[in-house]
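One-based numbering, in listed order, for ligands and for the atoms of each. Any value given below was found using the heavy atoms of this structure, including those in side chains, with hydrogens, waters and symmetry copies removed.
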Amino acid sequence: MTRRFFVADRVSGPQAVLEGSEAQHLIKVLRARSGDHVILFDGSGYEFDACVVRWGRDHVQLEILAERAVDRELPYPLTLGVALPKGPRQGWLVEKSVELGVTCLVPLRTLRGVAQPGEGALARLRRAVIEASKQCGRNRLMEIAPPQSVGEFLRSVPVGGSRWIAHPDRDAVPLASRLDELEGQPVFVAVGPEGGFAPEELPPGGAEEWVTLGPRILRIETAALMVAAAIGTAWNPE
Ligand code: SAM
């Protein structure tokens, strides 16, 4: 049972307050009582040992006992631009992306995409980021960025960053050979919708930015997570 809880406000003093669903979980599910110990995180990169001081119907007051910086991030930033799949596969993509250390997930607006997340869906995905972070021990939250077009996403790559487009085309470069190029630069990878990227969405430079993930056609989320797992393994070889 997880004993990690997310505090929405940055922890900056001797006390912290859990509210909303985090407080409900601690009080109603875990039946916390005064003196019980938990770990808090606030997305700043720190973890806090804390103990319950008192609780009400929808909040829990805690005393901070100790704080420490605990870094469970990838060593370099990884941004995935993904044409989101439908329904529960979105939540699965987010949960596994958090576990694999993805820094930022950008929902892509594509010509052939079907699922365009509204504000409610984005809020649900951000909640899923917190749940996954509680489970896997991340102390920084994966960002769910506002949706972008493919062009906006590709133009957002910083100078010196790598820009790959997952595209199942026979002229695409195998993922494994692109991994050799990793030298600590930020990496941005675009993954298309079920119908694939439309030709007019792809930059005119041609196939040199295209990456193939092998001879099989993968579902959107499988493709995104294969890329994240491969890059994470290359960056964290031990
Ligand atoms: N018929 C579509 C096409 O030709 O692009 C297949 C789309 S696939 C279901 C969804 C997305 O996953 C693709 O746009 C691509 O970004 C990625 N993808 C899936 N399999 C891939 C592969 N073998 N190599 C590279 N990218 C792949």
A quick test of your reading: do over 12 heavy atoms of other residues, nucleotides or ligands sit less than 6.0 Å from [atom1] of [X]?
X	atom1	result
Glu200	CD	yes
Arg126	CZ	yes
Arg68	CZ	yes

Suppose we measure from [atom] to each protein heavy atom; which comes out shortest, and what is that distance?
atom	result
atom 1 (N) of ligand 1	Glu194 O, 4.1 Å
atom 13 (C) of ligand 1	Gly192 N, 4.0 Å
atom 16 (O) of ligand 1	Ala166 O, 2.6 Å
atom 10 (C) of ligand 1	Pro193 O, 3.2 Å
atom 5 (O) of ligand 1	Gly196 CA, 3.2 Å
atom 20 (N) of ligand 1	Leu218 N, 2.9 Å

| task | Please identify which atoms of ligand 1 are closer than 4.0 Å to at least one heavy atom of Ile217. | result | 6 (C), 8 (S), 9 (C), 20 (N)

| Which ligand 1 atoms, with their elements, are less than 4.0 angstrom from a heavy-atom of Val211? | 25 (C)

| request: Step by step, work out the salt bridge (Lys or Arg N to Asp or Glu O under 4.0 Å) result for Arg127 and Glu22. | output: CA-CA 11 Å; Arg127 183 68 220 168; Glu22 294 295 277; 2.7 Å; yes

| field | Pair Glu152 + Arg109, salt bridge at N-O below 4.0 Å | value | yes

| Hey, is Glu194 close enough to Lys86 for a salt bridge, meaning N to O under 4.0 Å? | no

| task | With Asp42 as reference, evaluate Leu141, Val11, Asp9 under the side chain to side chain contact (heavy atoms under 4.5 Å, CB included) test and give the passing residue. | result | Val11

Has ligand 1 got any nitrogen or oxygen that is less than 3.5 angstrom from a nitrogen or oxygen of [X]?
X	value
Leu213	yes
Ile220	no
Arg216	yes
Pro215	no

| Derivation of the side-chain contact (heavy atoms from CB on, under 4.5 Å) call for Thr103 and Met142 | CA-CA 5 Å; Thr103 315; Met142 180 182 81; over 6 Å; no

| Are Trp164 and Phe188 close enough that their ring centers fall under 6.0 Å? | no

| query | What do you reckon, does Ala224 put a non-hydrogen atom under 4.0 Å from ligand 1? | reply | no

| Closest candidate by heavy atom, reference atom 22 (C) of ligand 1, pool Pro168, Gly113, Ala190 | Pro168

| message | If you take the nearest heavy atom of each of Ala223, Ala172, Gly214, Ala198, which one is closest to atom 17 (C) of ligand 1? | response | Ala223

| said: Would you call the rings of Phe5 and His25 parallel, tilted or perpendicular, taking 30° and 60° as the class edges? | reply: tilted

